[in-house]
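To keep things clear, I will list the structure first and then write my remarks on it.
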2 protein chains.
Amino acid sequence: MADFDIHILGCGSALPTTRHLATSQIINLRDKLYMIDCGEGTQVQMRKMRIKFSRLNHIFLSHLHGDHCFGLPGLISTFGMLGRTATLHIYGPKEIEEYLYPILKMFNQNLPYKIQIHIINPSQHTLIMEDRSLEVYSIPLNHRIPACGFLFKEKQKEAHLIKEMADFYQIPVKCLRGIKQGADFTTPEGEVVPNKRLTRPATPAKQYAYCSDTAYYPEIIPIIKNIDLLYHEATFAECDAARARETYHTTARQAAEIARAAAVKKLMIGHFSARYEDDLLLKKEADAIYPNTILAKEGLTLSL
Amino acid sequence: MADFDIHILGCGSALPTTRHLATSQIINLRDKLYMIDCGEGTQVQMRKMRIKFSRLNHIFLSHLHGDHCFGLPGLISTFGMLGRTATLHIYGPKEIEEYLYPILKMFNQNLPYKIQIHIINPSQHTLIMEDRSLEVYSIPLNHRIPACGFLFKEKQKEAHLIKEMADFYQIPVKCLRGIKQGADFTTPEGEVVPNKRLTRPATPAKQYAYCSDTAYYPEIIPIIKNIDLLYHEATFAECDAARARETYHTTARQAAEIARAAAVKKLMIGHFSARYEDDLLLKKEADAIYPNTILAKEGLTLSL
């Protein structure tokens with residue numbers, strides 16, 4: 001079972017190239033899938049990467065530019081053809097309804113499943129989704145149109161019960177849950193067995209943030225402080241910093257500065273402009289500020 | 001210079017697979033490009049096949065199912081980013097406006113070029129486009145929604161002037177055009193030189209028809225009689241004939257029967273269902289009726 005994996009489906013910017021596809025990625029948290037952005041070609045990438053369509057129930061859209069959402073109509077149709085019945089939850093800025101409703105009306109009158117759209121306010125940092133294992137927060141960004149990133153915050157897992165100890169103390173089943181959550185155990189004789197003798201700590205909960213598209217925007221630093229992995233756009237190199245400013249994008253150097261200031265454990269850069277033949281240029285630039293920056297790449301899977 | 005080439009960008013049916021992409025093809029007639037259908041991923045395929053975006057001015061849509069048109073928004077955006085200025089002509093059934101206008105309004109407010117939509121009536125066989133070298137006719141098909149195929153009819157080219165004869169008779173430049181178009185030449189002395197001594201016949205004009213998506217529909221036979229190449233959908237094998245009828249698609253055997261009855265010079269089949277691991281099954285079935293059927297394949301270029 002995947003614990004917390006990030007699959008990169010596409011990490012190019014708006015212009016298509018033979019090297020990169022439009023933006024999309026999938027987070028696999030204990031075999032539940034969460035998609036961020038859905039550029040053209042996403043469903044084909046899912047097939048190629050053997051990602052199970054049926055395990056995806058939540059799609060988060062950072063903003064309504066075509067290279068982040070033109071794959072959605074095809075994916076929605078395919079879900080229908082595959083006989084999906086589970087509700088599909090789509091989170092995005094309010095324009096998402098204006099985009100999707102006419103397409104649904106025209107192409108998907110008889111979907112066998114429900115689509116639930118959750119409007120989010122991209123200018124607010126707030127909890128937008130929560131389930132048993134995860135909280136997702138919006139991260140306001142600074143782009144040409146309303147845009148936000150997403151913070152995926154795994155919930156603390158329960159401690160592992162040490163089976164030998166449970167057997168030794170003949171702990172009744174009804175007490176197990178409490179012990180996993182931190183309770184001590186009192187034997188019928190009144191002996192208190194401290195929790196730390198009965199359990200091994202759970203693996204620490206992980207945090208992942210996706211920040212694209214955005215200009216250099218240090219306001220995000222407090223939100224992403226100390227997280228395990230930051231995916232930050234690095235559309236341009238410093239030599240094109242003027243162009244980055246103009247188009248509300250970030251340079252590789254700036255992305256690394258954000259990562260360093262936030263003391264994140266790992267940095268991955270993506271959303272590469274079509275103008276660079278070799279993305280290593282961007283990696284080198286980032287590495288100078290934040291060593292061991294990871295270059296996003298189609299087909300890459302990173303386990304936290 | 002390409003004389004009359006067909007490029008297959010995608011030839012799968014609605015469900016994406018790792019083997020086939022959604023439908024799109026490009027006709028290259030003397031270096032002018034004409035696209036038929038534009039499924040998701042078309043623009044990436046154009047890049048991969050090194051097809052020049054700037055030479056494409058006409059897009060024909062057979063019908064408004066997603067696997068034939070979900071690539072259009074991305075292509076339109078890309079044209080804008082590439083600084084296109086030439087008008088883009090899009091031909092399709094009337095629903096095309098309902099599909100495109102909201103998307104254009106939302107994503108492409110400031111395109112540097114104009115999009116001209118030409119509504120066609122898919123139930124009529126009629127001339128829908130004409131330029132110096134080509135006529136395009138609609139071919140009514142029989143699908144679940146209004147759909148038509150397209151007949152690309154090259155115009156007869158001028159005959160080739162035999163340079164030695166033009167020199168020998170000292171033919172004035174002003175007469176050349178007429179001679180290429182079939183006129184005789186009369187010398188100043190009154191001698192009439194018959195056209196066939198002055199010219200070699202042009203290569204015969206070619207005809208190509210695209211018929212997808214459609215149920216088995218013999219009504220098209222008179223329209224495509226004797227053409228050089230027929231692309232016909234063959235979504236299913238005969239063993240799934242019931243499913244073909246139900247979904248208004250054609251089997252490979254039926255496609256071959258159409259080709260044989262129309263006495264076309266070549267048949268290419270495509271729009272393959274995701275259910276067949278090996279398309280050779282479909283080729284064998286067609287070959288039994290119409291030998292040497294060509295299997296469409298992503299990346300294939302066929303010269304007429």
Side-chain angles (χ1 to χ4, degrees), chain A residues 10 12-22 38-50 53 63-83 93 95-110 144-145 247 273-274 298, chain B residues 10 12-22 38-50 53 63-83 93 95-110 144-145 247 273-274 298:
Chain A
S13 60
L15 267 186
T17 66
T18 51
R19 286 168 287 119
H20 290 300
L21 297 171
C38 187
E40 184 178 350
T42 292
Q43 58 171 338
V44 172
Q45 277 294 92
M46 286 180 75
R47 281 276 191 231
K48 281 191 186 160
M49 294 173 71
R50 299 173 176 280
F53 283 68
H63 65 302
L64 271 280
H65 274 157
D67 58 321
H68 293 252
C69 65
F70 279 170
L72 208 45
L75 187 62
I76 288 170
S77 300
T78 293
F79 277 143
M81 285 181 278
L82 293 174
E95 293 77 11
I96 195 177
E97 292 184 336
E98 196 184 327
Y99 170 48
L100 278 187
Y101 284 160
I103 291 174
L104 292 176
K105 190 179 152 218
M106 187 151 185
F107 295 96
N108 304 105
Q109 289 275 11
N110 299 304
R144 301 193 300 276
I145 61 171
T247 56
S273 164
E298 281 72 12
Chain B
S13 60
L15 268 185
T17 67
T18 52
R19 287 167 287 120
H20 290 299
L21 297 170
C38 187
E40 184 177 350
T42 292
Q43 57 170 339
V44 171
Q45 277 294 91
M46 285 180 75
R47 282 278 191 231
K48 281 191 187 159
M49 294 174 71
R50 300 176 175 280
F53 284 66
H63 65 301
L64 271 280
H65 273 156
D67 58 320
H68 293 252
C69 66
F70 279 170
L72 208 45
L75 188 62
I76 287 170
S77 300
T78 293
F79 277 143
M81 285 181 277
L82 294 174
E95 294 77 11
I96 195 176
E97 292 184 335
E98 196 184 327
Y99 170 48
L100 279 186
Y101 285 160
I103 291 174
L104 292 175
K105 189 179 154 217
M106 186 152 185
F107 294 95
N108 303 106
Q109 289 275 11
N110 298 304
R144 301 194 298 279
I145 61 170
T247 57
S273 163
E298 282 71 15

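As a basis for the values below, the full set of heavy atoms in this structure was taken, side chains included, without hydrogen atoms, waters or symmetry mates. Residue numbers start from 1 in every chain, and the chains themselves are labelled A, B, ... in the order their sequence lines are given, proteins ahead of strands. Being a predicted model, the structure only gives us computed values, none of them experimental.
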Self-check item: Derivation of the side chain to side chain contact (heavy atoms under 4.5 Å, CB included) call for A:L82 and B:L15
Solution: CA-CA 8 Å; A:L82 293 174; B:L15 268 185; 4.0 Å; yes
Quiz item: Has the side chain of A:E298 got a donor or acceptor atom that lies under 3.5 Å from a matching backbone atom of A:G10?
Solution: no
Quiz item: Do the side chain of A:R19 and the main chain of A:A274 share a donor and acceptor less than 3.5 angstrom apart?
Solution: yes
Quiz item: Of the backbone (N, CA, C, O) and the side chain (C-beta and beyond), which part of B:Q45 lies under 4.5 Å from a heavy atom of chain A, both, or neither?
Solution: neither
Exercise. Just do the side chain to side chain contact (heavy atoms under 4.5 Å, CB included) check on B:K105 and A:E98 with the steps written out, would you?
Key: CA-CA 10 Å; B:K105 189 179 154 217; A:E98 196 184 327; 4.2 Å; yes
Self-check item: chain A contacts, top residue of B:T18, B:L64, B:T17 (heavy-atom pairs, under 4.5 Å)
Solution: B:L64
Quiz item: Checking A:S77 against chain B: side chain, backbone, both or neither under 4.5 Å from a heavy atom?
Solution: side chain
Self-check item: Contacting moiety of A:F107, where chain B heavy atoms sit under 4.5 Å
Solution: side chain
